[in-house]
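Structure record follows, encoded as structure tokens.
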Amino acid sequence: AQTVTQSQPEMSVQEAETVTLSCTYDTSESDYYLFWYKQPPSRQMILVIRQEAYKQQNATENRFSVNFQKAAKSFSLKISDSQLGDAAMYFCAYRSAWVDYKLSFGAGTTVTVRA
Amino acid sequence: EAQVTQNPRYLITVTGKKLTVTCSQNMNHEYMSWYRQDPGLGLRQIYYSMNVEVTDKGDVPEGYKVSRKEKRNFPLILESPSPNQTSLYFCASKARDVDADTQYFGPGTRLTVL
């Protein structure tokens, strides 16, 4: 079974600064997908960014970018120019390329943005 | 609008009183799942369904039942709820297409079992 570990329960960042959330995962598979989801106080799960394991290039979506280190099984999320609306819980998630009906989630990191 | 709906959004009940949380999607997705979210544990899959009449256990199925009689609906049934089932529940759906890796989540159901 795949396990996803987020070692930072909480992170705080000053508005306009950068924060990096860490995520590591354990798998024996070579083909898989990784995701970061945002959960604001509304509880809605919002997909922030996705990474395909066979792609070496790190994914970016506007102010959000990842650092994908396949050999180290690491998948960190960088939020640049943090905004008040970025305050939320962020979940890292793993999906096998072969078991595509299941996401395995980390415990989550709560991000607070200071004005 | 593509969406997954869940009802109710909030529910307070007592131990042993059967309840059903409904889930419906309008995207004709084959895959549907139920997850529960608990502090410090993230989201864990309870049950999933790959199509009508095809369901299977996820990681934490004890105390839950599901059914998939129609493609759009995937209700979660707690026949005898207990306090340890107090949690935030999410329904999710996804197309079977291997390139379609977007999971659509419902708005969540906050369940409290007293």
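So you know, we letter chains A, B, ... as the sequences are listed, proteins then strands, and number each from 1. Computed from heavy atoms alone, side chains included, the values below leave out hydrogens, waters and symmetry copies.
- Between Tyr37(A) and Phe35(A), the ring planes lie tilted relative to each other; the angle falls in the 30° to 60° range.
- The minimum heavy-atom distance between Phe90(B) and Gln6(B), with the atom names listed, is CA-OE1, 3.6 Å.
- Interface remark: Met32(B) contributes no atoms to any contact with chain A (heavy atom separation under 4.5 Å).
- Of the atoms belonging to Arg44(B), not a single heavy atom falls under 4.5 Å from chain A.
- For Ile12(B), the CD1 atom is loosely surrounded, since the number of other residues' heavy atoms within 6.0 Å does not exceed 12.
- Pairing each heavy atom of Gln85(B) with each of Leu111(B), the nearest pair is O-CD2, 3.7 Å.
- Contact annotation for Phe105(B): both backbone and side-chain heavy atoms come within less than 4.5 Å of a heavy atom of chain A.
- Around the CG atom of Asn62(A), the shell of radius 6.0 Å holds no more than 12 heavy atoms that belong to other residues, nucleotides or ligands.
- Only the backbone of Leu41(B) comes within contact range of chain A, with at least one heavy atom under 4.5 Å from a heavy atom of that chain.
- Residue contact with chain B, scored on non-hydrogen atoms closer than 4.5 Å, involves the backbone and the side chain of Leu103(A) alike.
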### Task
Could you go through the side chain to side chain donor-acceptor pair (under 3.5 Å) check for Tyr31(B) and Asp100(A) one step at a time?
CA-CA 9 Å; Tyr31(B) 295 164; Asp100(A) 61 343; 3.3 Å; yes
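- Counted by atom type alone, Ser76(A) and Thr20(A) present zero donor-acceptor pairs between their side chains at under 3.5 Å.
- The stretch residues 53-76 of chain B places Asp59(B) near chain A, each with some heavy atom under 4.5 Å from a heavy atom of that chain.
- Lys55(A) contributes atom NZ, which lies 8.5 Å from atom CD of Gln57(A) (distance to the nearest 0.5 angstrom).
- Of the two parts of Tyr101(A), the backbone and the side chain both hold a non-hydrogen atom closer than 4.5 Å to a non-hydrogen atom of chain B.
- Between the side chains of Tyr25(A) and Tyr94(A), no donor N or O sits under 3.5 Å from an acceptor N or O.
- Residues of residues 105-115 of chain A lying under 4.5 angstrom from chain B, judged on non-hydrogen atoms, are Phe105(A), Gly106(A), Ala107(A) in numerical order.
- Of all non-hydrogen atoms in Ala92(B) and Gln103(B), the two that sit nearest each other are CB-OE1, 3.3 Å.
- The side chain to side chain donor-acceptor pair (under 3.5 Å) test with Arg63(A) is passed by exactly one of Thr18(A), Asp81(A), Asp86(A): Asp86(A).
- With a 6.0 Å cutoff to the six-membered ring centre and a 45° limit on the axis angle, Arg43(A) counts as a cation-pi contact of Tyr10(B).
- The only option from Thr22(B), Thr109(B), Thr20(B) that meets the side-chain contact (heavy atoms from CB on, under 4.5 Å) definition with Asn7(B) turns out to be Thr22(B).
- Neither the backbone nor the side chain of Tyr104(B) comes within contact range of chain A; no heavy atoms are under 4.5 Å apart.
- Only the side chain of Gln37(B) comes within contact range of chain A, judged by heavy atoms closer than 4.5 Å.
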